[in-house]
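Lettering follows sequence order; numbering is per chain, from 1. Below, each value reflects all heavy atoms present in this structure, side chains not excepted, and no hydrogens, waters or symmetry copies.
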Protein chains: 2
Amino acid sequence: MHRPLIAAALATSLCAPFAAHANEAGEAAVKARQSLMTLIAYNLGPMAQMAQGRVDYDAEVAQAAADNLYTLTRHSQERLWPEGTAHGIFEGTAARPEIWQNLEEFSNLYATLQGAAATMQGAAGDGLQALQGALGDVGGACRSCHDDFRVSD
Amino acid sequence: MHRPLIAAALATSLCAPFAAHANEAGEAAVKARQSLMTLIAYNLGPMAQMAQGRVDYDAEVAQAAADNLYTLTRHSQERLWPEGTAHGIFEGTAARPEIWQNLEEFSNLYATLQGAAATMQGAAGDGLQALQGALGDVGGACRSCHDDFRVSD
C-alpha cells in the first residue's frame with residue numbers, strides 16, 4: 001500500500017540533485033540573457049530620447065551608446081537559451097516556448113539586430129537624421145523578435 | 001510655529017520630481033553595471049570550471065566564452081557610475097564610495113581587465129595550460145578592483 005509513496009519519495013530524492021543542478025544552470029542562463037537585454041535597453045535609451053526630441057542630439061553621447069550597442073550585440077546567444085527555460089516551464093522569464101521550435105528563425109532575427117547595430121554604429125555620430133534612420137531599423141529588429149518570441153506584458 | 005513644517009513640506013514637494021528622476025536614473029545605472037558583471041561572471045564560469053579541472057577542457061567552449069568576455073569588456077564604463085550611486089547612499093549596490101574619490105585608479109583597473117580579456121581571447125583555444133595562465137590574469141584584474149572598490153560580503 002505504501003509502495004507507490006516510497007517509490008515516489010525515492011524518485012524525488014534521486015532526482016533532486018540533478019533537478020537542483022539543472023534549475024541552477026537554467027536560472028543563471030535566464031539571468032544572463034536578461035542582463036544582456038538590460039544593457040541593450042540601457043544603451044538604446046539616450047539614442048531613443050534624442051530621436052524623439054526629448055533631449056538635444058549629442059554626437060558624442062550617441063556614438064558612445066552606439067559603440068556599446070555594437071559590442072553587446074557581438075555577444076553570442078549560445079548558452080543563453082538552454083532547453084527548459086521557457087515561460088510557463090520556468091519562472092521569471094518571458095521567453096515563449098516557440099523559440100525552441102524555431103531556433104533558426106530566432107537566430108536569424110538576432111543576426112538582423114547585429115546588422116542594424118553595426119549600421120547604427122556608423123550612423124549615430126552623423127547627425128540626428130542619420131541616428132533616427134538607423135534607430136528605426138534597430139527598433140524594428142527588436143520588435144520583430146519580441147512580437148514572435150516574447151510573452152507580451 | 002507651523003512655518004518650518006510648511007517649509008519642509010514645500011521643499012519635499014518641490015524636490016520630489018527631481019529626486020524621483022535622479023533615483024530612477026541611478027537605479028537604471030546600477031542595474032546596467034550589475035548586468036555587465038553578471039554577464040562577465042557567466043562567461044568566466046565555464047573557463048574557471050575547466051581551469052580547476054571540474055569539467056574537461058573543451059577548446060570550442062573556452063574560445064566562445066573568451067570571445068564573449070572580450071566583447072563585454074569593450075563596453076564602456078561611462079554612464080554606469082553616476083555620482084550618488086555608492087553603497088550607503090543607494091540601495092542594492094556594493095560599490096564603495098572610494099570609486100568616486102579615485103576615478104582614475106578605477107578606470108585603470110578596468111583597462112587592466114580589458115587587457116587580460118584580450119590576452120584570454122588569444123589563449124583560451126590553445127589548450128588547458130594557456131587557458132589557466134590567462135585566467136589567472138583575468139582573475140587578478142577582477143580581484144584587485146573588487147578588493148579596493150567593492151563592499152565585501
Side-chain angles (χ1 to χ4, degrees), chain A residues 17 21-22 24-50 54-55 58-82 85 92-93 107 110 113-114 117-118 120-121 124-125, chain B residues 17 21-22 24-50 54-55 58-82 85 92-93 107 110 113-114 117-118 120-121 124-125:
Chain A
H21 180 78
E24 211 174 277
E27 262 174 38
V30 168
K31 201 177 163 198
R33 71 200 190 205
Q34 289 177 342
S35 294
L36 190 59
M37 299 293 176
T38 295
L39 282 164
I40 288 173
Y42 190 65
N43 285 290
L44 282 173
M47 294 191 279
Q49 288 188 315
M50 289 178 206
R54 288 188 284 145
V55 301
D58 180 319
E60 207 176 314
V61 172
Q63 189 62 59
D67 289 344
N68 285 335
L69 180 69
Y70 176 82
T71 198
L72 289 169
T73 54
R74 297 316 101 180
H75 193 288
S76 162
Q77 295 293 318
E78 296 277 335
R79 291 186 62 234
L80 297 186
W81 310 91
T85 60
T93 173
S107 171
Y110 188 58
L113 174 65
Q114 290 180 307
M120 170 62 93
Q121 190 180 33
Chain B
H21 180 76
E24 212 174 276
E27 262 173 39
V30 168
K31 201 176 162 198
R33 71 200 189 204
Q34 289 177 342
S35 294
L36 190 58
M37 298 293 176
T38 294
L39 283 163
I40 288 173
Y42 191 65
N43 285 290
L44 282 173
M47 294 192 280
Q49 287 188 314
M50 289 178 206
R54 287 188 284 145
V55 301
D58 180 320
E60 207 176 313
V61 173
Q63 189 63 58
D67 288 345
N68 285 335
L69 180 68
Y70 176 82
T71 198
L72 289 168
T73 54
R74 298 315 101 181
H75 193 289
S76 163
Q77 295 293 318
E78 296 277 334
R79 289 186 64 235
L80 298 186
W81 308 91
T85 60
T93 172
S107 171
Y110 188 57
L113 174 65
Q114 290 181 307
M120 170 61 93
Q121 190 180 33

Under 4.5 Å from a heavy atom of chain A, the part of B:Asp67 involved: neither

Note, B:Tyr42 side chain near A:Lys31 side chain (heavy atom, < 4.5 Å): no

A:Asn68 side, atom CG; B:Leu36 side, atom CG - distance, nearest 0.5 Å: 9.0 Å

side-chain contact (heavy atoms from CB on, under 4.5 Å) evaluation trace for A:Asn43 with B:His75: CA-CA 10 Å; A:Asn43 285 290; B:His75 193 289; 3.0 Å; yes

Part of A:Ala28 lying under 4.5 Å from any heavy atom of chain B: both

Segment of B:Ala64 engaging chain A (4.5 angstrom heavy-atom cut-off): neither

Under 4.5 Å from a heavy atom of chain A, the part of B:Ala29 involved: both

Option among A:Leu72, A:Ile40, A:Thr38 that satisfies the side-chain contact (heavy atoms from CB on, under 4.5 Å) test with B:Ser35: A:Thr38

Heavy-atom pair with the smallest gap, counting every atom of A:Leu39 and B:Leu39: CD1-CD1, 3.8 Å

CD/B:Glu78: more than 12 non-hydrogen atoms of other groups inside 6.0 Å: no

